[in-house]
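The shown structure was predicted, so the numbers you read here are calculated from the model rather than taken from an experiment. FYI, the numbering just counts along the sequence from 1.
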Amino acid sequence: SFPQMNPNPVLEVDASGAIVFYNLAATETLKGLGLENVRAFLPGDLAVILRELEQKQQRQFYREMCIGGATFAETIHLVGMFNVVRIYATNITELKRVEQDLRHALKESQQRQAEISALLAGSRAVIEEREFKEAAWSLYEVCKNLLGAAGGYVALVSEDGSRSEPVFMDSGHLPCTLDPELPMPMRGLREQVYHTGQAVYENNFSSSEWAGLLPEGHICLDNVLFAPLAIKGIVVGVIGLANKPGGFTDNDARLAGAFGELAAMSLYNSRALEMLENSEARFRSVAQTASDAIITFDSQGRIVLWNHAAEKTFGYTAAEAIGGLYVMLMPDRIRELYRDEIFKALTTGRSAFMGRPFESVGLRQDGTEFPSEFSLTSWNTQEGLFFTTTIRDINERKQAETDLQRAQDELARRIKERTTMEERQRLARELHDSVSQALYGISLGAHTALALFETDRAKVTEALNYV
């Protein structure tokens with residue numbers, strides 16, 4: 001009764017291979033599959049299975065069978081007490097479909113995991129490698145292995161856009177006599193990438209219109225894929241991959257495009273770093289050759305840059321000054337006087353000292369003080385707030401100003417003295433002229449009186465009255 005009540009098909013076969021029993025579920029299952037003959041449940045190699053069980057002294061065998069488009073799991077069991085073979089069949093079609101879906105999902109998950117791991121490895125290369133060539137090689141290797149390509153290259157577009165200049169080439173262990181330094185004209189699929197900014201691939205390259213563009217000595221290409229390196233929407237290079245077994249796919253193009261973006265980031269970072277290093281080198285060159293002391297310190301007031309002029313001005317070597325506090329260059333009274341402004345500058349980057357020169361007093365290593373003129377600027381970075389001050393020893397200028405003032409005072413004194421002398425001389429001249437005129441009149445009157453003394457005494461009296 002137990003096999004009869006089983007909801008799954010159950011059959012019994014005797015030693016001759018004849019079916020001696022099958023339950024209702026067997027007929028119902030076959031009917032659902034559009035079949036009638038219950039022998040459909042019998043394995044075609046049942047006799048072989050039974051001999052194998054006997055040889056191995058086993059009583060049970062498992063196998064899967066396809067019946068009427070459905071998959072059944074069958075357990076073949078030897079029932080000694082009845083001298084029959086009992087077959088238990090279970091429709092596992094849905095289970096197999098779910099299993100297949102799970103396998104497919106697992107495969108996709110593994111593929112995505114491999115893609116993520118590869119992209120992470122590429123990202124690390126962008127971060128860790130300073131030189132573009134090293135970063136590009138690392139990215140290319142990861143991308144090539146992920147996609148399963150055999151070889152390829154990375155090239156940058158020339159400034160005029162007429163050709164690609166190889167950064168490196170990988171023939172994939174195939175014979176290649178082509179000069180790796182030879183510029184590649186911008187044509188064919190590379191030209192498409194350059195104009196569209198999209199990855200392209202060709203899986204039948206040898207029969208394509210592009211095959212005739214290959215130069216002599218180039219490796220044999222079955223399929224190719226090109227992805228752009230673009231900076232701010234402008235294609236500046238390409239990643240080329242070739243000879244993948246089975247050909248490239250749209251997903252391969254998508255992934256190659258992602259690695260192209262990472263390579264473009266690396267190129268941008270490399271160029272930016274080179275410009276920054278050149279700019280820093282120029283700044284240091286100007287700073288070191290400047291005649292004024294140039295000092296940079298951080299928001300803690302610790303000196304990070306000390307040029308040659310600062311060494312001469314303050315007496316500290318760069319090794320002695322760097323890491324020290326900026327306030328060591330000020331006398332104590334100046335520190336107290338400007339304490340609030342110094343604190344404000346270090347904490348906010350703003351101060352009354354910013355943007356215009358100030359005169360103050362500097363303190364040398366030997367304890368001597370000197371008049372100075374300084375200007376202060378601030379700049380913010382990811383590492384924090386920094387300040388640069390330019391300090392000039394104005395002792396000679398102050399002495400020159402004192403000498404000039406002394407000279408001006410002396411000149412004013414002399415001008416004043418000269419003015420007094422000239423006034424005296426003018427008064428003397430005027431007095432001289434006046435006296436001279438009076439004396440001349442006296443002389444003239446006297447002469448007239450003498451001439452008329454004997455002839456006209458009245459006129460003599462008039463002449464004497466005139467005198």
Side-chain angles (χ1 to χ4, degrees), residues 130-131 269-270 272-407:
R130 291 170 56 89
E131 297 295 330
N269 291 344
S270 177
L273 182 60
E274 183 179 0
M275 291 176 61
L276 182 61
E277 289 176 342
N278 290 340
S279 176
E280 183 178 358
R282 286 194 296 270
F283 168 75
R284 287 188 177 275
S285 175
V286 171
Q288 293 298 345
T289 57
S291 59
D292 294 336
I294 298 178
I295 303 164
T296 297
F297 55 95
D298 60 20
S299 59
Q300 303 300 314
R302 296 196 176 277
I303 297 170
V304 297
L305 183 138
W306 185 266
N307 74 341
H308 294 318
E311 293 182 344
K312 296 178 180 178
T313 301
F314 289 95
Y316 295 97
T317 65
E320 292 170 332
I322 291 176
L325 293 176
Y326 177 70
V327 292
M328 72 181 186
L329 309 178
M330 305 177 185
D332 291 342
R333 67 183 187 281
I334 301 298
R335 297 181 202 175
E336 289 299 318
L337 181 63
Y338 295 146
R339 181 177 58 186
D340 292 341
E341 281 298 327
I342 293 172
F343 177 78
K344 180 180 178 181
L346 292 177
T347 53
T348 67
R350 297 187 297 273
S351 170
F353 298 142
M354 297 291 184
R356 57 195 180 100
F358 277 82
E359 290 189 5
S360 184
V361 178
L363 180 65
R364 294 189 174 93
Q365 186 182 31
D366 60 9
T368 59
E369 299 180 3
F370 65 95
S372 64
E373 181 182 81
F374 73 93
S375 59
L376 183 67
T377 58
S378 66
W379 35 284
N380 213 342
T381 71
Q382 292 181 349
E383 297 178 358
L385 192 62
F386 288 85
F387 303 85
T388 294
T389 180
T390 302
I391 301 174
R392 176 174 297 171
D393 184 342
I394 58 174
N395 187 54
E396 292 183 0
R397 191 179 80 186
K398 284 294 184 181
Q399 184 62 46
E401 289 176 355
T402 301
D403 293 344
L404 178 61
Q405 185 62 48
R406 187 180 297 113

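In this view, Ser375 and Thr390 satisfy the side chain to side chain contact (heavy atoms under 4.5 Å, CB included) rule, not counting sequence neighbours. With sequence neighbours excluded, the residues that form a salt bridge (Lys or Arg N to Asp or Glu O under 4.0 Å) with Asp332 are Arg335. Evaluation of the side chain to side chain contact (heavy atoms under 4.5 Å, CB included) rule for Gln399 yields Asp403 as partners, not counting sequence neighbours. Every residue meeting the side chain to side chain contact (heavy atoms under 4.5 Å, CB included) condition with Asn278, not counting sequence neighbours, appears here in chain and number order: Glu274, Arg282. Annotation: side chain to side chain contact (heavy atoms under 4.5 Å, CB included) contacts of Pro331 (sequence neighbours excluded): Arg333, Ile334, Val361, Leu363, Glu369. Applying the side chain to side chain donor-acceptor pair (under 3.5 Å) criterion to Arg284, with sequence neighbours excluded, gives Glu280. Remark: Asp393 pairs with Arg364 by the side chain to side chain donor-acceptor pair (under 3.5 Å) rule, at least two apart or across chains. By the ring-ring contact (aromatic ring centres under 6.0 Å, His included) test, Phe386 pairs with Trp379, sequence neighbours left out. With sequence neighbours excluded, no residue satisfies ring-ring contact (aromatic ring centres under 6.0 Å, His included) with Phe283. Under the rule for a side chain to side chain donor-acceptor pair (under 3.5 Å), Gln365 has no partner lying at least two apart in sequence or in another chain. Remark: Thr289 pairs with no residue by the side chain to side chain donor-acceptor pair (under 3.5 Å) rule, at least two apart or across chains.
Taking OG1 of Thr389 as the reference point, atom OH of Tyr326 lies at 3.5 Å (rounded to 0.5 Å). One distance of note links NZ of Lys312 with OG of Ser291; it measures 9.5 Å at 0.5 Å rounding. Rounding to the nearest 0.5 Å places OG of Ser372 at 6.5 Å from CZ of Phe314. From Ile391, atom CD1 reaches atom CZ of Phe374 across 8.0 Å, with rounding to the nearest 0.5 Å. Atoms CZ and CG, on Phe387 and Leu376 in that order, are 6.5 Å from each other to the nearest 0.5 Å.
Among residue pairs with one or both ends in residues 296-306, those qualifying as side-chain hydrogen bond (donor to acceptor under 3.5 Å, both in side chains) are Thr296-Thr388; sequence neighbours excluded.
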task: Given side chain to side chain contact (heavy atoms under 4.5 Å, CB included), test Val304 with Ile295 step by step and report yes or no.
output: CA-CA 8 Å; Val304 297; Ile295 303 164; over 6 Å; no
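The number of heavy atoms from other shown groups lying within 6.0 Å of CD (Glu359) is above 12.
Judged purely by atom type and a 3.5 angstrom limit, Glu373 has no side-chain atom pairing as donor or acceptor with the backbone of Arg392. With hydrogens and angles disregarded, a donor-acceptor distance shorter than 3.5 Å links the side chain of Glu320 to the backbone of Thr317. Side chain of Ser285 to backbone of Ala281: no donor-acceptor contact under 3.5 angstrom is found.
A pairwise comparison of heavy atoms in Ala310 and Ala293 identifies CA-CB, 3.6 Å as the closest pair.
Inter-residue side-chain proximity for Phe370 and Ile394 is flagged as unmet; no heavy-atom pair is nearer than 4.5 Å.
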